[in-house]
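Input: a single structure, listed below in structure tokens.
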Amino acid sequence: MQQIKENDLRQLVSESLRESNDSYTIQELFQRFPTTTELMDVSEQQLVSIKGIGKGKARQITAMLKLAKVLSLPDQDQHIIRSPKDVFHLLESDLRYEQREHFICLFLNTKNRLIFKEVISVGSLNAAIVHPREVFHAAIRRCSASLICAHNHPSGDPDPSIEDVNLTKRLIAAGEIIGIEVLDHVIIGGNRFYSLKEHGHF
């Protein structure tokens, strides 16, 4: 059975709510949750924050989405992150020939399934400047349960710098306050990777 398409899901939600496809409620719903994965994982609490959706409609939508999930293959099922090696395999081809550092976040749901991957910043030859607010603004926007940070070292040496370790600690501290766990920070260099979590940096 094929993955339910976004247009089909939009039509299904529209008909369920008896709303037109271009109504404010439908547009706002799909603007806040633009991918099928994000919408499939939406909670009643998130839904009632949208104007025009009360508790009754929220229950109706979540019940309909559960049915849609049962009747289709889970989106991004091939991208369940279980280890730093999974992060490496997911990103290595993207970063292999980059000459500048790219700081990427993998946003995950409660089952460690990838919701979205996003380049947060692009730095110089040996530095990717990133601030925790940029990371967690993106994480909140994607309704993430947790996240994994990753960046490349164009030099080919994945060993972390002092700045890499300090940034990771700042991100972990910020995540604890916000309630979004930083699971790991993986550095990719050449055909190798370095997991700050596995090496005991946190």
Counting N and O atoms only, with roles assigned by atom type, does the side chain of [X] sit under 3.5 Å from a partner on the main chain of [Y], one being a donor and the other an acceptor?
X	Y	result
E198	S195	no
H102	R100	yes
Q99	Y97	yes
S161	D164	yes
H137	R133	no

Check whether any side-chain heavy atom of D184 sits under 4.5 Å from a side-chain heavy atom of F202, and report yes or no.
yes
Is a salt bridge present between R10 and E15, judged by a nitrogen-to-oxygen distance below 4.0 Å?
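No.
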Heavy atoms only: give me the nearest C105-V135 pair and the separation to one decimal.
SG-CG1, 3.7 Å
If every non-hydrogen atom of I26 is compared with every non-hydrogen atom of S20, which pair is closest and at what distance?
CG1-O, 3.5 Å
I'd like a table of donor-acceptor pairs (distance under 3.5 Å, sequence neighbours excluded) in which one partner is a side-chain atom from residues 84-91, with atom names and distances.
from	atom 1	to	atom 2	distance (Å)
D86	OD2	R82	N	2.7
D86	OD2	S83	N	3.2

For R32, give me all partners under side-chain hydrogen bond (donor to acceptor under 3.5 Å, both in side chains), at least two apart in sequence or on another chain.
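Result, side-chain hydrogen bond (donor to acceptor under 3.5 Å, both in side chains) vs R32: E28, S49.
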Cationic tip of R142 within the cone over F107's six-membered ring, i.e. under 6.0 Å and within 45° of the normal?
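Negative - R142 is either too far from the ring of F107 or too far off its axis.
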Can the ring centroids of H185 and H151 be said to lie less than 6.0 angstrom from one another?
yes
Residue from L108, L147, I81 passing side chain to side chain contact (heavy atoms under 4.5 Å, CB included) with L183:
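Of L108, L147, I81, side chain to side chain contact (heavy atoms under 4.5 Å, CB included) with L183 is met by L108 alone.
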